[in-house]
Amino acid sequence: MTVRTLLKMGDSRLLQVAKPVTEFNTEALDQLIADMDDTMAAANGAGLAAPQIGVDLQVVIFGTGAPNPRYPDAPIVPRTVLINPVITPMGDEEEEGWEGCLSVPGLRGRVPRWQRIRYTGFDPQGNAIDRTVDSFHARVVQHECDHLKGVLYPMRVRDFTQFGFTEVLFPQLV
Ligand code: NI
């Protein structure tokens, strides 16, 4: 049980392309995921990617299976550990939505994402995951998997009139 330090935007480790996991079902991988769970829970995150705690591996976690106080209006996303993910857009429809990031504290921005995606990858035991999802679930997966490519959501904001401090944009969330 360890809440790890979250890296913040500006740290060059957040700009790296993460390495694929090559060994599943190991104590080290389980420990990493436990630390990510604790860190995400302590920050009320909707998701977390390993590079955000300084670990250069293609591991993301998202969803809690319960409503999230940082995104109270969002649909519930099942708790998922996703390793070595691959995202394929289903169709060319985009959707704009507000995002925040634990590595970009205090800010929110409107970000375009694919409305519907298929994602594949592996769970910690090496079992295949293959899901087709849309809306908020699809947004969270795209956001977290961007971290594995060194992309933070502000890099995808197109309209900077739709980017600002959470306490100003959404005072009810502070
Ligand atoms: Ni993030």
Side-chain angles (χ1 to χ4, degrees), residues 1-24 26-64 68-71 74 77 79-87 96-114 117 119 121-124 136-170 173-174:
M1 296 282 289
T2 308
V3 175
R4 303 271 290 263
T5 301
L6 282 158
L7 305 188
K8 291 183 190 166
M9 186 168 64
D11 192 308
S12 61
R13 289 172 286 178
L14 291 170
L15 303 176
Q16 292 175 349
V17 177
K19 296 184 177 70
V21 170
T22 53
E23 275 192 279
F24 293 88
T26 67
E27 210 168 299
L29 186 57
D30 288 345
Q31 187 58 55
L32 168 63
I33 292 160
D35 286 359
M36 289 174 67
D37 272 333
D38 293 343
T39 306
M40 182 175 103
N44 284 327
L48 188 73
Q52 293 182 273
I53 57 167
V55 175
D56 182 28
L57 286 173
Q58 293 181 19
V59 179
V60 302
I61 64 173
F62 53 85
T64 58
N68 184 308
R70 293 183 77 234
Y71 300 91
V77 176
R79 193 247 177 205
T80 304
V81 178
L82 181 64
I83 298 170
N84 300 349
V86 175
I87 291 177
E96 292 250 344
W98 289 98
E99 295 187 16
C101 179
L102 299 179
S103 294
V104 191
L107 294 163
R108 297 284 172 115
R110 266 181 91 79
V111 182
R113 298 287 185 187
W114 300 115
I117 59 166
Y119 65 90
F122 299 91
D123 76 6
F136 184 70
H137 188 156
R139 175 171 300 280
V140 169
V141 174
Q142 289 171 86
H143 176 115
E144 296 313 326
C145 293
D146 260 1
H147 280 294
L148 306 181
K149 297 182 289 186
V151 175
L152 299 169
Y153 85 82
M155 300 173 186
R156 295 202 183 274
V157 171
R158 289 179 186 157
D159 177 359
F160 280 92
T161 70
Q162 304 291 295
F163 182 62
F165 289 94
T166 313
E167 67 192 57
V168 180
L169 290 162
F170 303 104
L173 292 183
V174 174

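Remember, it's a predicted structure, so these values are computed and weren't measured experimentally.
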Subject >> Shortest non-hydrogen contact from Leu6 toward Ala43 >> reply: CD1-CB, 4.3 Å
Original post:
Is there a donor-acceptor pair closer than 3.5 Å between any side-chain N or O of Asp56 and the backbone N or O of Gln16?
Top reply: no
Subject >> Atom pair CG (Leu107) and CH2 (Trp98), whose distance is rounded to the nearest 0.5 Å >> reply: 10.5 Å
**OP:** Check whether any side-chain heavy atom of Cys101 sits under 4.5 Å from a side-chain heavy atom of Met9, and report yes or no.
**Re:** no
Subject >> Residues that Glu99 engages under side chain to side chain donor-acceptor pair (under 3.5 Å), provided they are two or more places apart >> reply: Arg113, Arg139, His143
**OP:** Kindly indicate whether the side chain of Leu82, heavy atoms from C-beta on, has any atom under 4.5 Å from the side chain of Gln58.
**Re:** no
Original post:
What do you reckon, is CZ of Phe24 surrounded by more than 12 foreign heavy atoms closer than 6.0 Å?
Top reply: yes
Subject >> Between CG on residue Asn84 and NZ on residue Lys19, distance to nearest 0.5 Å >> reply: 13.0 Å
Original post:
Should Val81 and Asp123 be marked as a side-chain contact (heavy atoms from CB on, under 4.5 Å) after you check the CA-CA gap, both sets of side-chain angles, and the distance that decides it?
Top reply: CA-CA 6 Å; Val81 178; Asp123 76 6; 5.7 Å; no
Subject >> For Leu173 against Arg108, the heavy-atom pair lying closest together >> reply: CD1-NH1, 3.8 Å
Subject >> Gln162 side-chain N/O to Gly109 backbone N/O, donor-acceptor pair under 3.5 Å >> reply: no
**OP:** Go through Leu148 and Val17 one step at a time and tell me if the side-chain contact (heavy atoms from CB on, under 4.5 Å) criterion holds.
**Re:** CA-CA 6 Å; Leu148 306 181; Val17 177; over 6 Å; no
Original post:
CG/Leu102 to OG1/Thr39 distance, rounded to the nearest 0.5 angstrom?
Top reply: 9.5 Å
Original post:
Per the side-chain contact (heavy atoms from CB on, under 4.5 Å) rule, which among Val3, Leu7, Leu32 passes with Ile53?
Top reply: Leu32
Subject >> Check: Ala49 main-chain N/O paired with Gln52 side-chain donor or acceptor under 3.5 Å >> reply: yes
**OP:** Answer yes or no: is there an ion pair linking Asp37 with Arg79, defined by an N-O contact shorter than 4.0 Å?
**Re:** yes
Original post:
Does the pair Tyr153 and Asp146 meet the rule for a side-chain contact (heavy atoms from CB on, under 4.5 Å), with working shown?
Top reply: CA-CA 8 Å; Tyr153 85 82; Asp146 260 1; over 6 Å; no
**OP:** To the nearest 0.5 angstrom, please state how far the CZ atom of Arg156 sits from the CZ atom of Arg158.
**Re:** 9.0 Å
Subject >> Heavy-atom pair with the smallest gap, counting every atom of Leu57 and Pro20 >> reply: CD2-O, 4.1 Å
Original post:
Would you call Val141 and Pro85 a side-chain contact if the rule is heavy atoms closer than 4.5 Å?
Top reply: no
**OP:** To the nearest 0.5 Å, tell me how far Ile117 CD1 sits from Gln142 CD.
**Re:** 4.5 Å
**OP:** Evaluate the ring planes of Tyr71 and Phe136, with Trp represented by its six-membered ring, and classify them as parallel (under 30°), tilted (30 to 60°) or perpendicular (over 60°).
**Re:** tilted
**OP:** Return the minimal non-hydrogen interatomic distance between Leu29 and Pro124, and the atom names on each side.
**Re:** CD2-O, 3.7 Å
Original post:
How far apart are the closest heavy atoms of Val60 and Glu144, and which atoms are they?
Top reply: CG1-O, 3.6 Å
Original post:
When the ring planes of Tyr119 and His137 are compared, do they come out parallel, tilted or perpendicular, using 30° and 60° as the limits?
Top reply: tilted
Original post:
How many angstroms lie between atom CG of Leu169 and atom CZ of Arg110, to the nearest 0.5 angstrom?
Top reply: 11.0 Å
Original post:
Can you name the nearest heavy-atom pair linking Met40 to Thr64, along with the distance?
Top reply: CE-CG2, 3.8 Å
